Q: 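One structure follows; several queries about it will come next.
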2 protein chains.
Amino acid sequence: MIRKEIKKDFDMAECSVRNILDRFGDKWSLMVIDLLREGKLRYSELDNKIESISQKMLTVTLKSLETDGLISRKVYPQIPPRVEYTLTELGQTLLPAIDMLKKWAADSMPAILAARSKMATPSAP
Amino acid sequence: MIRKEIKKDFDMAECSVRNILDRFGDKWSLMVIDLLREGKLRYSELDNKIESISQKMLTVTLKSLETDGLISRKVYPQIPPRVEYTLTELGQTLLPAIDMLKKWAADSMPAILAARSKMATPSAP
DNA sequence: TTGAATGGTCAAATGTATCTGACTTAAAAG
DNA sequence: CTTTTAAGTCAGATACATTTGACCATTCAA
């Protein structure tokens, strides 16, 4: 997402790993979706929970997720403004896949760390 | 992956979406794994199948996947050289998650495209 | 003796995702 | 009259992923 390639909108025929990464391979999109799984969150709440994100990227990420119909944005015409974000039904359908990835990461971490330290000492004396 | 953050090796406790993206959020890693699902492939075969990848990025991607124990690299001491890459068992465990993502993308594409065109014409005239 | 093929490496240039910091709007509180 | 708040916007700088193009070693075939 965010990239130009998206506009080249995705090739129904190919539907490869590339399309997924074009959408979610950025730094924040999946994280925002994951945070919204429990319900509504305001802009500032997301900002606090993620901490390291810049305002600009939070705005950009939320906008692109909204454009794709994965989250919805509700504005309350108050002062100061109040904006709440929730997952749409479409957005919710992504959660099982995210969970699977998270589970894979949790299960595989020991093996990955082991492989990595093996590379550090390639059967050295 | 490839980024520095990886070295900061990943926080067993957090195990969030971030760790996954730090590993696979790049442009090529998941694609390589997906291509290797059917069996061995030589360097040049991967190069041909992906087309748009540069030699350098193919090398870098393969090396980092090997370091993480997801693929294995077998060199045949011939001239000209022959190098074959295969998924390790660990690498294979990632396939179901990839499949789930691909299925999600295929299923959700119509809805995403619809949402996107709705944003293009926000109930205008 | 030149060229092709394989699996690379390296330096430098490019592209683009992301960050920083300043600014905005409107009302309400001090 | 100044500050605070929420949810942004904008310009400019930075970081880093990726590409381009040159190069290497070795052997066989022309």
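If you're wondering where the values come from, they're calculated on a predicted model, not measured in any experiment. Here is how names work: the chains are called A, B, and so on, in the same order as the sequence lines, proteins then strands, and each is numbered from 1.
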Q: Round to the nearest Å and state the distance from Lys74(A) atom NZ to dA7(D) atom P.
A: 15 Å
Q: Determine, for Lys49(B) against Glu51(B), whether the closest basic-nitrogen to carboxylate-oxygen distance falls under 4.0 angstrom.
A: no
Q: Atom NZ of Lys40(A) and atom P of dA6(D): how far apart are they, to the nearest Å?
A: 19 Å
Q: Assign a letter to each nucleotide of nucleotides 5-14 of chain C from its 5' end: B, base within under 4.0 Å of a protein heavy atom; S, sugar-phosphate only; -, no contact.
A: -BSBB-----
Q: Is the backbone N or O of Ala105(A) less than 3.5 Å from a side-chain atom of Ser108(A), with the two atoms forming a donor-acceptor pair by type?
A: no
Q: Once side-chain contact (heavy atoms from CB on, under 4.5 Å) is applied, do any residues pair with Lys74(A), and if so which ones, sequence neighbours excluded?
A: Tyr76(A)
Q: Nearest-Å distance, CD (Gln78(A)) to C1' (dA7(D))?
A: 12 Å
Q: Could you tell me the separation between the CG atom of Leu36(B) and the CD atom of Glu45(B), rounded to the nearest 0.5 Å?
A: 10.0 Å
Q: Could you state the atom-to-atom distance from CG of Leu21(B) to P of dA17(C) in whole Å?
A: 15 Å
Q: Could you tell me the separation between the CZ atom of Phe24(B) and the C1' atom of dA17(D), rounded to a whole number of Å?
A: 17 Å
Q: Testing Thr61(B), Leu87(B), Leu41(B) for side-chain contact (heavy atoms from CB on, under 4.5 Å) with Ile71(B), which one passes?
A: Leu87(B)
Q: Using only heavy-atom distances, determine whether the side chains of Ser72(A) and Thr86(A) contain a donor-acceptor pair under 3.5 Å.
A: yes
Q: Rounded to the Å, how far apart are Lys27(A) NZ and dT16(C) P?
A: 18 Å
Q: Could you tell me whether the side chain of Tyr85(B) and the main chain of Glu66(B) form a donor-acceptor pair under 3.5 Å?
A: no
Q: With the threshold set at 4.0 Å, does a side-chain nitrogen-carboxylate oxygen contact exist between Asp47(A) and Arg42(A)?
A: no
Q: Could you work out how much the helix from dT1(C)-dA30(D) to dG30(C)-dC1(D) bends, comparing the axis of its first five pairs with that of its last five, to 10°?
A: 30°
Q: Between the side chains of Lys103(A) and Asp99(A), is the shortest nitrogen-to-carboxylate-oxygen separation below 4.0 Å, so that they form an ion pair?
A: no
Q: Give the rounded distance in Å between these two atoms: CD1 of Ile50(B) and P of dT18(D).
A: 12 Å
Q: Could you give the CG-to-C1' distance, from Asp47(B) to dT19(D), as a whole number of Å?
A: 13 Å
